[in-house]
Amino acid sequence: MAQLSLEELKQTMRQVAGDDDVELADDFETATFEELGFDSLAVFETVHRVERTCGRKLPEEELAEVTTPKEFLEFVNDLERA
């Protein structure tokens, strides 16, 4: 599986938000999901969609420590390299 790109993650988050035109904050790489307006249900849906895309279940215990989209992207891509 190819690495998940930042643009792919942003597009997934836009789809979860229900608006492909939604603007994600300029500080996308440092803002938390909460600061970007994503509640736990929206984060869960984002995780689920990425799991379907990459074809593997993400470990929930480790994933619970991830608070920003940048951390999430690094987490997924580190798993793909392993």
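Because only heavy atoms are used, hydrogens play no part in the values below, and waters and symmetry mates are left out as well, while side chains stay in.
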What residues, two or more places apart in sequence or in another chain, satisfy salt bridge (charged side-chain N to carboxylate O under 4.0 Å, His left out) together with E65? none

What distance separates [X] [atom1] from [Y] [atom2], expressed to the nearest 0.5 Å?
{"X": "T46", "Y": "M13", "atom1": "OG1", "atom2": "CE", "result": "5.5 Å"}
{"X": "T68", "Y": "E34", "atom1": "OG1", "atom2": "CD", "result": "13.0 Å"}
{"X": "H48", "Y": "L58", "atom1": "NE2", "atom2": "CG", "result": "11.5 Å"}

Common cluster, L6/V66, ILVMFWY with side-chain heavy-atom separation under 4.5 Å: yes

Check the side chains of S5 and E8 for a donor-acceptor pair under 3.5 angstrom, ignoring hydrogens and angles. yes

Would you name the heavy atoms of T30 and E35 that are closest together and state the gap between them? O-OE1, 4.5 Å

Inter- and intrachain pairs under salt bridge (charged side-chain N to carboxylate O under 4.0 Å, His left out), touching residues 42-54, at least two apart: E45-R49, E51-K57

A side-chain contact here means heavy atoms from C-beta on lying under 4.5 Å apart; do T32 and P69 qualify? no

Do R56 and L79 make a side-chain contact, defined as non-hydrogen atoms from C-beta onward lying under 4.5 Å apart? yes

Any donor-acceptor pair under 3.5 Å linking the side chain of N77 with the backbone of L4? yes

Quick one: list whatever passes side chain to side chain donor-acceptor pair (under 3.5 Å) with E71, sequence neighbours left out. T67

Show your reasoning for whether side chain to side chain contact (heavy atoms under 4.5 Å, CB included) applies to F72 and L9. CA-CA 9 Å; F72 179 73; L9 178 56; 3.8 Å; yes

